[in-house]
**Q** 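Quick one: this structure, given as C-alpha cells, is what I'll be asking you about.
Ligands are counted one by one from 1 in listed order, and the atoms in each one are counted from 1 as well. Residues take their numbers from the sequence shown, with the count starting at 1.
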Amino acid sequence: MNTPSASQSSVPLPEGGGGHRPGVILVAHGSARSAASAEPVLALAKGLRDRGFPEVRSAFWKEEPFLHQALELTRSGTVAVLPVFLSEGYFSSTVVPRELGLRYGDNHVGGRLVHLLPPLGVNAGLTEIVAARAQEKVPPDACTSKALLVVLGHGTQRDPASAGTVLDVCASLSREGKFARVAPAFIDQDPLLANVLEDAREPVILLVPFLVAAGWHGGTTVPRELGSDSQGARQRIVYTEPVGTHPALVELAETLLLDKALPPEPSRDDSASPPLTRLESLLAERLARSTTAVLIQVMIRVEEHAVHELRHVDDDGIDPRHLTDIASATALGTFARHRGDGGPRPLRTAADLPRGWRFRASCVRDLIEALVEVYGSALVHWHLGETDELSRVSFREATADQTGGYANLTQIEARVVEAAMHSVCDGLPCLRTRLWRVEDTVTGVKGQQKDAADRLVVPCPRPCPILLSGVLDLIAESKS
Ligand code: SF4
C-alpha cells in the first residue's frame, strides 16, 4: 500500500485550537461478521493517543464495546464523543444519540461534561482527503485533468440525507477543477456505480470509496462488480483505498476535537468519580484478600512487587516460557478481537478467548486498562453489581424505543425472545450473568459470588445488540 504516513500527509488541514485535550470516545458502526470493519476506527484511536490525548476509547453498534456502554469506559471529567461516520444519516442522527443518551452539543452526565460532536464526515477537510486518495493513485502516464473522479458512497433508499455529504464533496471538487469531471455514485441508491461507469467517456476513472472501511461492499461487492465490468477494456479504472483509512484523518479528528476548546477536568469528590475510577480501590482490596481472581476467562494473579499477571484461565499452571508475552494493554485488546481460528469476536464476554498468552501489569491501574481492552465494560459491571448501582433493563424496556429494522422487536412474542436467548446468550456461550428477562429484571449478583469464590461475577444488565440481531434472525428464519 503506497500511502503517506501521518507525518507525511499531503492534505492541508485547518489549524487546531490549543489547550486541554479531553477524553475521547470514537463511536462507529462496526461489524459482528468482520473484525476488519472496526480497524480504521481503532487506528484513528491509536493516532489520537499518539498525539497526546490521554484517554481514547472506541464503541460500536454491532460489536463490543457497544454504544450504550461507551461512557462507562472513560475516567475523564470532560469527554468528547466523535461519531466516525462519513455522512449524516440514520445512524448519526438517531442511533448514536439514543444509544448514548446524549444530544448533539454539551451534555452534563453524572458530574461530567460530555460533548457530542457532529459526524467526522461532515467536515470540509474530507474533500481534500478524497482528492488526495485519488491523486496518490493516478497512473504515471495519465493526467489528472483528463480523469473522471467517482466518489462512491453507500447511500440508502431509506434516508436521502445520507447522500448529501457525497454530493457536497463532489460539488466542491468540481469547482476546484483539478479533474476532468467529478461524479457521485452509490452502492444502495441512484445513481448506482454500474450506471455511472457505463456513462463515463474519460480514459481514466479514479474511483474513491467514501467509506470508513472497505468492509463487505468496498472490499468484496465493488471489486467483484469492477472485475466483471466490460468498461475495463477501453478505460482504466483505478480503485483506491477508502477515505476512512487515510492517515490525514487523524489530523482532521484532532483539529475537530481541539476546536471545541472543551474546559479542563472539573474538580470532583470521590463519590462523583466515574465507576472506572472508583472500582480501582475495590479491585485492589479484592486482590489483597486473595491473590488470584478470574474475570470471564482471564486469570489475574498477584505476583511480587504488585505485578499482576494475566493469562487465559485454562492456561493455569503452564510454564510461562510456553506462553507468548503480550507487551501492552492495547496489543492485548487487539489480540482479543479474534478467535483462535482468526474469526471475529464481536461479543467479548463469549467463551472463545484464545489461549497461549500472558500479560504483566505493573500496577492496578494498568491491570484495569488491560481488562477494559479485553472485556470493555465487564469490569465496570462487576463493580456496579457489587455496589448495587447497576441499572437493569428488561427486553421490553430495551426495545421500546428501537427504530429502523429493530422496530419490529417491540411486538415480538416472549417465546421467540427466549429462543433467541437460548441460541445467542447460552449458545456462544456468553459468560455474563443475565439480570433481565423478557418482561422484567432480576437481582442478586452478589449472592452468586459465594458459589465461585475466585470469580468476579459479571452481570448482563440489558439485552445487547447481538441478542437483538439474534431475535431478528429468528423472525427472518421463521418467515423463509
Ligand atoms: S444479552 Fe446475552 S449475549 Fe448479550 S451480553 Fe447479555 S448475556 Fe451476553
**Q** Do you know which of R337, R345, R33 makes salt bridge (charged side-chain N to carboxylate O under 4.0 Å, His left out) with E63?
**A**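 Exactly one candidate clears the test, R337.
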**Q** With a 4.0 Å cut-off, would you call E304 and R360 a salt bridge?
**A**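 A salt bridge is absent here (no side-chain N lies under 4.0 Å from a carboxylate O).
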**Q** If we set the cut-off at 4.0 Å for heavy atoms, which region of F66 has an atom near ligand 1: side chain, backbone, both, or neither?
**A**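 No part of F66 is near ligand 1 at this cut-off.
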**Q** For a distance under 2.8 Å, give residue and atom name for each protein N, O or S atom next to atom 2 (Fe) of ligand 1.
**A**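 N, O, S partners closer than 2.8 Å: C425 SG.
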**Q** Are H29 and F91 close enough that their ring centers fall under 6.0 Å?
**A**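 Under 6.0 Å, so yes.
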**Q** Does the side chain of D259 come under 3.5 Å of the side chain of T255 through a donor N or O and an acceptor N or O?
**A**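 Judged by distance alone, the side chains do not pair up.
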**Q** Can you list the ligand 1 atoms lying under 4.0 Å from a non-hydrogen atom of W436?
**A**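 Under 4.0 Å from W436, ligand 1 has these atoms: 1 (S).
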**Q** Centroid-to-centroid, F85 to W61, below 6.0 Å?
**A**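 No, too far apart.
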**Q** Would you tabulate the side-chain donor-acceptor contacts of residues 411-425 under 3.5 Å, counting partners in other chains and residues two or more places apart, or write 'none'?
**A**
{"unit_1": "E413", "atom_1": "OE1", "unit_2": "R415", "atom_2": "NE", "d": "3.0"}
{"unit_1": "S423", "atom_1": "OG", "unit_2": "A420", "atom_2": "O", "d": "3.3"}

**Q** Does Y375 have R348 sitting over its ring (NZ/CZ under 6.0 Å from centre, angle to axis within 45°)?
**A**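 So R348 doesn't make the cation-pi contact.
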